[in-house]
Protein chains: 2
Amino acid sequence: MPRQKRQPTTVEAAIVDMRRKISSRALSPGSRLPEEDLAQAYDLPRAKAREVLATLEDRNLITREPNKGAVVSAVDMETTYRLYEVREALDGLAVRLATLNTKPSDWDDVSELFGPSFEESLKAGDIDRHVEAIETFRARITAAARNPVLSDLLERVYDRTRVTIRRVALLPGRAAMGITQYRAVLEAIIRGDADAAEQRIRELNRSARDYIERYKDYVL
Amino acid sequence: MPRQKRQPTTVEAAIVDMRRKISSRALSPGSRLPEEDLAQAYDLPRAKAREVLATLEDRNLITREPNKGAVVSAVDMETTYRLYEVREALDGLAVRLATLNTKPSDWDDVSELFGPSFEESLKAGDIDRHVEAIETFRARITAAARNPVLSDLLERVYDRTRVTIRRVALLPGRAAMGITQYRAVLEAIIRGDADAAEQRIRELNRSARDYIERYKDYVL
DNA sequence: CAGATCAATCGTGTCGACAAAATATTGTAC
DNA sequence: GTACAATATTTTGTCGACACGATTGATCTG
């Protein structure tokens with residue numbers, strides 16, 4: 001159950017926060033989510049807490065059963081595989097659009113982020129920092145794509161893969177490989193080569209998916 | 001407001017039906033959707049009617065304002081354009097997967113549907129039949145792709161383009177062009193050429209989008 | 001007649017209460 | 001101690017009532 005917080009008070013804010021909590025595993029699969037707890041946590045009336053739950057259910061983040069309540073969904077291997085199939089296509093489009101919509105200097109700060117400090121945080125075992133850099137890059141790509149429909153769908157997919165991403169980053173060799181691949185994507189974007197950029201992020205997703213399949217016992 | 005129907009009684013059924021009503025313009029943009037009307041129409045308590053509204057809002061089919069209520073959203077040109085950008089990528093993936101997952105004989109019935117009767121229904125001005133054939137084809141593709149995540153996202157996109165599709169089919173020359181293009185897609189699928197099939201449905205979507213842009217005053 | 005003010009109405013927002021179902025706990029018998 | 005039955009508790013489901021905001025229409029005034 002989420003902890004107290006007296007600020008949000010709106011259904012939208014509660015949904016955003018719950019998505020974050022679920023996709024980051026601050027709430028783990030199987031956790032129960034009583035309406036009353038939600039209502040208290042976000043200072044909402046129970047009717048609105050139910051709206052939040054209905055929305056989360058429609059986003060496939062929780063399942064609800066009549067007279068039993070809501071529990072956080074687990075993501076199985078099959079679904080993860082399907083999520084990555086879709087991600088490959090959507091990320092590809094996002095990167096393509098981002099390349100077409102930006103000029104090289106727009107990526108100066110990301111280049112900085114992907115410089116030596118990218119390896120350092122990894123060597124220091126700071127996975128949080130590593131993942132955060134990647135999330136920043138992806139957020140920038142999504143924004144640069146300037147397609148709200150795409151952003152919306154990608155967020156729905158990310159919400160269901162975020163935890164897996166984190167675990168994949170811990171697998172032997174994966175993070176180092178990721179660094180190389182993300183830099184390759186960024187290089188193509190800066191170079192203005194949309195085809196190459198799309199191709200490279202597709203490869204990146206495929207290789208992440210391969211890792212997940214190979215190490216599924218540790219990741220899921 | 002939706003008319004009475006004493007069967008569904010479940011939130012899920014109400015959502016499906018409302019999605020259909022909105023995307024088919026049985027409910028036009030700007031229509032108001034009072035909670036009480038929804039509740040009566042589907043024989044639901046008001047609390048569950050609110051869950052339906054919350055879900056429809058999250059799917060971008062309606063907008064709600066505090067103390068005012070819900071109205072059916074209009075889809076503007078900009079959004080339509082973005083929807084088609086995403087469709088191109090998702091349809092491409094769906095067709096690719098469908099090609100890989102099927103054998104030629106799986107498409108016998110669709111071939112029948114896309115035979116001479118395809119032109120006949122158009123010549124007879126039977127747009128409903130024409131559009132229905134296309135929807136059947138797309139449903140088959142989605143099912144053959146065997147990716148629930150993809151199906152889910154595509155439905156969300158279709159819900160927001162369905163009306164436009166219908167109107168595009170009425171534009172001069174578009175339907176005839178569509179017939180050729182859909183047949184080309186089907187041919188590539190049957191031939192087992194996933195690359196060609198994906199390329200062709202992407203072209204199809206692009207050309208539909210071009211039509212929409214050219215005739216936007218009549219379509220939106 | 002224009003414009004402001006007020007009243008009535010409609011629909012949402014919120015609360016409280018309780019029924020109904022599922023689950024957990026306790027009690028009892030063997 | 002186990003198995004089963006009865007009971008208590010928890011949580012969802014539903015209803016009714018009413019406050020509040022927004023909108024509409026009527027009335028009054030200059």
Side-chain angles (χ1 to χ4, degrees), chain A residues 1-19 21-22 26-74, chain B residues 1-19 21-22 26-74:
Chain A
M1 313 103 214
R3 285 276 58 78
Q4 59 272 26
K5 241 199 192 178
R6 287 284 175 254
Q7 285 301 48
T9 325
T10 76
V11 173
E12 291 74 23
I15 292 171
V16 169
D17 198 55
M18 286 299 294
R19 279 174 46 210
K21 285 212 170 100
I22 294 172
L27 285 168
S28 47
S31 303
R32 309 200 58 214
L33 298 172
E35 297 171 1
E36 190 56 46
D37 288 15
L38 251 193
Q40 288 202 328
Y42 297 103
D43 197 22
L44 296 171
R46 208 160 66 109
K48 296 210 162 178
R50 291 183 62 141
E51 293 189 19
V52 175
L53 290 174
T55 302
L56 295 176
E57 184 182 29
D58 192 58
R59 285 177 178 247
N60 297 300
L61 298 177
I62 65 173
T63 61
R64 296 205 291 169
E65 276 184 86
N67 288 307
K68 293 185 70 174
V71 297
V72 177
S73 299
Chain B
M1 314 106 218
R3 286 275 58 78
Q4 58 273 25
K5 243 199 190 180
R6 287 285 175 253
Q7 284 302 46
T9 324
T10 77
V11 172
E12 290 73 23
I15 292 172
V16 169
D17 198 56
M18 287 299 294
R19 280 174 46 209
K21 285 210 168 101
I22 293 172
L27 284 168
S28 48
S31 303
R32 311 199 57 211
L33 297 172
E35 298 171 0
E36 190 55 46
D37 289 14
L38 251 193
Q40 289 201 327
Y42 296 103
D43 196 22
L44 297 171
R46 207 159 68 108
K48 296 209 162 179
R50 290 183 64 141
E51 292 188 19
V52 174
L53 290 174
T55 302
L56 295 175
E57 184 182 29
D58 191 59
R59 285 178 178 247
N60 297 301
L61 298 177
I62 66 174
T63 60
R64 296 205 290 168
E65 276 184 85
N67 287 310
K68 295 185 68 174
V71 297
V72 177
S73 299

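For the numbers below, each heavy atom of this structure counts, side chains included, while hydrogens, waters and symmetry mates do not. So that the names make sense, note that chain A is the first sequence line, chain B the second, and so on, each numbered from 1. Model, not experiment: these values are computed from the prediction.
When each of B/D43, B/L38, B/V11 is paired with B/K48, the side-chain contact (heavy atoms from CB on, under 4.5 Å) condition holds for B/V11 and for no other. Partner of B/R19 under the side-chain contact (heavy atoms from CB on, under 4.5 Å) criterion, out of B/I22, B/I15, B/D17: B/I15 alone. Considering A/V72, A/L56, A/I62 in turn, A/L56 is the only one that fulfils the side-chain contact (heavy atoms from CB on, under 4.5 Å) rule with A/M18.
Of the residues in residues 49-62 of chain A, none lies under 4.0 Å from DNA chain C by heavy-atom distance.
By the side chain to side chain donor-acceptor pair (under 3.5 Å) test, A/R59 is found to be paired with B/D58, residues two or more places apart in sequence or in another chain being considered. Contacts of A/S28 classified as side chain to side chain contact (heavy atoms under 4.5 Å, CB included), with partners at least two apart in sequence or in another chain: A/S31. For B/A74, the side chain to side chain contact (heavy atoms under 4.5 Å, CB included) criterion is met by B/P29, not counting sequence neighbours. Listed by chain and residue number, A/R64 satisfy the salt bridge (Lys or Arg N to Asp or Glu O under 4.0 Å) test with A/E57 (two or more places apart in sequence, or in another chain).
Between the CG atom in B/L53 and the CZ atom in B/R46 there is a gap of 10.5 Å [rounded to 0.5 Å].
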Could you go over nucleotides 15-24 of chain C and give all protein N or O partners under 3.5 Å, atom names and distances?
residue, atom, partner, partner atom, Å
C/dT23, OP1, A/K68, NZ, 3.1

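Rounding to whole angstrom units, CD of residue B/E65 and P of D/dT23 are separated by 9 Å. Rounded to whole Å, atom C1' of D/dT12 lies 11 Å from atom CD of A/E36.
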